[in-house]
Asker: 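Once you've had a glance at the structure underneath, I'll fire off some questions.
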Amino acid sequence: MPELPEVETIVGDLRRDILGRKITGVRYLTRSVWRKKPPRAVLLLGARVNQISRRGKHILIHLSNEYTLVFHLKMTGRLTYENSSDPRRKHTHLILNLDKGQLRFNDIRRFGYIDLVGVGKLENLDYLEALGPDAMEISKDEFIRLLKSKKRIIKSLLVDQSVLAGLGNIYTDEALHLARIHPRRVSARLSVSKLARLHDAILETLRKALAARGSSVDNYVDGRGAKGSFQEQHLVYGREGKPCRTCGRPIRRLTIGSRSTHYCPECQR
DNA sequence: GACAACCTGACC
DNA sequence: GGTCAGGTTGTC
């Protein structure tokens with residue numbers, strides 16, 4: 001399930017592989033993955049990839065004709081650069097032929113979506129406008145002010161993209177363990193020093209995950225189809241019953257806001 | 001502020 | 001055959 005480090009890894013890979021490439025053909029294999037109607041092919045054909053960026057968990061591919069392709073991978077989406085001769089996987093929904101190779105969007109569960117956004121429309125796109133500050137870019141002061149202003153269970157708050165963009169279930173659990181904060185604590189009631197520690201923990205977790213090219217716990221792969229390795233370093237996520245790497249007591253799992261939450265009852269208070 | 005819905009595959 | 005996985009939207 002791609003969160004900020006996975007999306008950032010894919011963006012980096014695509015920058016290496018498709019920057020400057022020209023779209024020479026489009027194949028719409030599943031029309032319903034488009035957020036709106038699939039665009040007329042003429043809006044894509046002949047355009048070159050000018051720039052690739054990330055907003056929260058969204059991947060933006062900026063084209064030379066000033067249109068932008070927006071992808072959200074949700075849980076099982078993959079966006080990969082492949083050779084035209086590579087066998088097509090099941091659940092491939094879009095293939096863009098490039099002057100060299102192909103960009104393919106694949107998504108088993110079809111929760112993800114693709115959007116094509118016209119000139120100047122990017123800035124007032126509802127689902128991008130709704131995003132809070134980026135988890136990687138927010139300053140410590142701004143972070144503390146933000147969390148102090150909300151009276152919510154910290155776990156639920158951190159996965160809320162309208163509050164802070166980029167964290168999902170994995171990195172929220174990981175960062176809370178690193179900061180030694182119990183996932184049920186209420187944001188506004190945390191001390192300034194604890195919130196400062198949480199800000200540090202989020203940055204450190206994301207930085208390490210990025211260095212390991214993301215967590216492949218489910219079916220996440222990078223822009224070239226390779227798995228990440230951060231799952232091997234997880235402190236709590238997916239480690240229920242296993243010993244805490246700090247104190248040795250078993251990691252526990254509970255449900256907060258209908259999502260499974262992993263934590264150490266000894267280390268996190 | 002909780003929870004069903006969207007989907008498929010893995011697992012029991 | 002039933003449950004679970006969880007990002008986001010939509011509904012209450």
Side-chain angles (χ1 to χ4, degrees), chain A residues 1-11 29-36 54-60 70-79 88-94 104-115 117 125-136 147 149-176 183-189 202 205-206 209 214-221 227-228 230-231 234 236-241 251-263:
Chain A
M1 33 219 107
E3 302 179 27
L4 190 153
E6 288 77 23
V7 174
E8 190 70 25
T9 299
I10 293 169
V11 165
L29 303 160
T30 310
R31 301 178 69 83
S32 61
V33 298
W34 289 86
R35 205 180 160 93
K36 304 185 285 273
R54 176 184 66 78
R55 294 263 193 103
K57 300 173 190 170
H58 301 259
I59 297 169
L60 278 60
V70 182
F71 294 85
H72 197 303
L73 305 180
K74 293 281 181 84
M75 314 273 303
T76 54
R78 297 174 167 195
L79 191 59
R88 192 203 308 165
R89 305 174 59 87
K90 208 173 159 184
H91 308 296
T92 297
H93 307 301
L94 172 71
R104 299 181 183 181
F105 174 69
N106 183 287
D107 187 358
I108 293 176
R109 293 171 71 177
R110 272 181 281 139
F111 284 7
Y113 58 79
I114 316 171
D115 201 2
V117 183
L125 208 54
D126 51 0
Y127 56 87
L128 293 185
E129 253 187 346
L131 295 175
D134 193 87
M136 222 92 121
L147 271 69
S149 74
K150 314 265 181 196
K151 216 168 158 181
R152 285 176 59 188
I153 305 281
I154 189 73
K155 162 79 184 208
S156 307
L157 188 76
L158 292 177
V159 296
D160 185 339
Q161 302 301 294
S162 69
V163 176
L164 190 67
L167 298 181
N169 215 29
I170 297 175
Y171 296 108
T172 297
D173 285 3
E174 291 297 304
L176 285 172
R184 279 230 171 92
R185 294 289 300 270
V186 173
S187 51
R189 296 212 197 105
I202 289 171
T205 301
L206 294 176
S215 302
S216 289
V217 293
D218 203 6
N219 71 340
Y220 159 74
V221 292
K227 287 179 189 276
F230 193 66
Q231 66 281 3
H234 283 177
V236 287
Y237 188 87
R239 299 192 68 244
E240 185 185 11
I251 297 301
R252 290 226 208 115
R253 187 157 74 118
L254 48 79
T255 299
I256 299 175
S258 69
R259 15 239 317 217
S260 77
T261 299
H262 312 72
Y263 75 111

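Residue numbers begin at 1 in each chain, while the letters A, B, ... track the order of the sequences. Worth saying up front: this structure is predicted, and the values here are computed from it rather than measured.
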Asker: A/E240 CD to C/dA5 P: how many Å, rounded?
Answerer: 9 Å

Asker: Quick one: which protein N/O atoms are closer than 3.5 Å to N/O atoms of nucleotides 8-12 of chain B? Pair and distance per line, please.
Answerer:
from	atom 1	to	atom 2	distance (Å)
B/dT8	OP1	A/R110	NH2	2.2
B/dT8	O3'	A/H91	NE2	3.4
B/dG9	OP1	A/K90	NZ	3.3
B/dG9	OP1	A/H91	NE2	2.9

Asker: Specify the separation, in whole Å, of atom CG of A/D107 and atom P of B/dC7.
Answerer: 11 Å

Asker: In this structure, which stretches of DNA chain C are paired as stems of three or more consecutive Watson-Crick or G-U pairs, both distances less than 3.5 Å?
Answerer: B:1-6 with C:7-12, B:8-12 with C:1-5

Asker: Rounding to an integer number of Å, can you tell me how far A/L125 CG sits from C/dT9 P?
Answerer: 11 Å

Asker: Taking only side-chain N and O atoms of A/K57, does any of them lie within less than 4.0 angstrom of OP1 or OP2 on C/dT8?
Answerer: yes

Asker: Heavy atoms under 4.0 Å, any strand shown: does A/S260 hit a base, just sugar-phosphate, or nothing?
Answerer: sugar-phosphate

Asker: Using a strict threshold of under 4.0 Å (side-chain N to carboxylate O), is an ion pair present between A/D107 and A/R78?
Answerer: no

Asker: Mind calculating the distance between CZ (A/R35) and C1' (C/dT9) to the nearest angstrom?
Answerer: 9 Å

Asker: Would you mind reading off the distance between A/L73 atom CG and B/dC7 atom P, rounded to a whole angstrom?
Answerer: 18 Å

Asker: Looking at CG of A/L131 and OG of A/S162, how far apart are the two atoms once the value is rounded to the nearest 0.5 Å?
Answerer: 8.5 Å

Asker: Taking atom P in both B/dG9 and C/dT8, what distance in whole Å separates the two?
Answerer: 22 Å

Asker: What I want to find out is whether A/K150 reaches A/D160 closely enough, with some N-O distance under 4.0 Å, to be called a salt bridge.
Answerer: no

Asker: Could you check A/Y127 against A/S258 and say which one's nearest nucleotide on DNA chain C is further toward the 5' end?
Answerer: A/S258

Asker: Could you verify whether a donor N or O on one side chain and an acceptor N or O on the other, from A/Q231 and A/Y220, lie under 3.5 Å apart?
Answerer: no

Asker: May I have the distance from A/R184 (atom CZ) to B/dG1 (atom C1'), rounded to whole angstrom?
Answerer: 14 Å

Asker: When all nucleic acid strands are considered with a 4.0 Å heavy-atom cut-off, which category describes A/R89: base, sugar-phosphate, or nothing?
Answerer: nothing

Asker: Between atom OH of A/Y113 and atom CZ of A/F71, what is the distance when rounded to the nearest 0.5 Å?
Answerer: 12.0 Å

Asker: What is the distance, to the nearest angstrom, from the CE atom on A/M75 to the P atom on C/dT8?
Answerer: 10 Å

Asker: Going through the checks in order, is the salt bridge (charged side-chain N to carboxylate O under 4.0 Å, His left out) test met by A/R54 and A/D134?
Answerer: CA-CA 10 Å; A/R54 176 184 66 78; A/D134 193 87; 2.7 Å; yes

Asker: Using a 4.0 Å heavy-atom cut-off across all strands, classify A/M1 as base, sugar-phosphate, or nothing.
Answerer: sugar-phosphate

Asker: Under 4.0 angstrom, heavy atoms only, what part of the nucleic acid is A/Y237 near: base, sugar-phosphate, or nothing?
Answerer: sugar-phosphate

Asker: I'd like to check A/F230 versus A/P5 (side-chain heavy atoms, cut-off strictly below 4.5 Å). Are they in contact?
Answerer: no

Asker: How long is the gap from CD1 on A/I153 to CD1 on A/I256, to the nearest 0.5 Å?
Answerer: 6.5 Å

Asker: Would you kindly give the CG-to-C1' distance between A/D126 and C/dT8, to the nearest whole Å?
Answerer: 12 Å

Asker: Could you tell me the separation between the CZ atom of A/R109 and the CE atom of A/M75, rounded to the nearest 0.5 Å?
Answerer: 5.0 Å

Asker: Relative to the ring of A/H91, is the ring of A/H93 parallel (under 30°), tilted (30 to 60°) or perpendicular (over 60°)?
Answerer: tilted

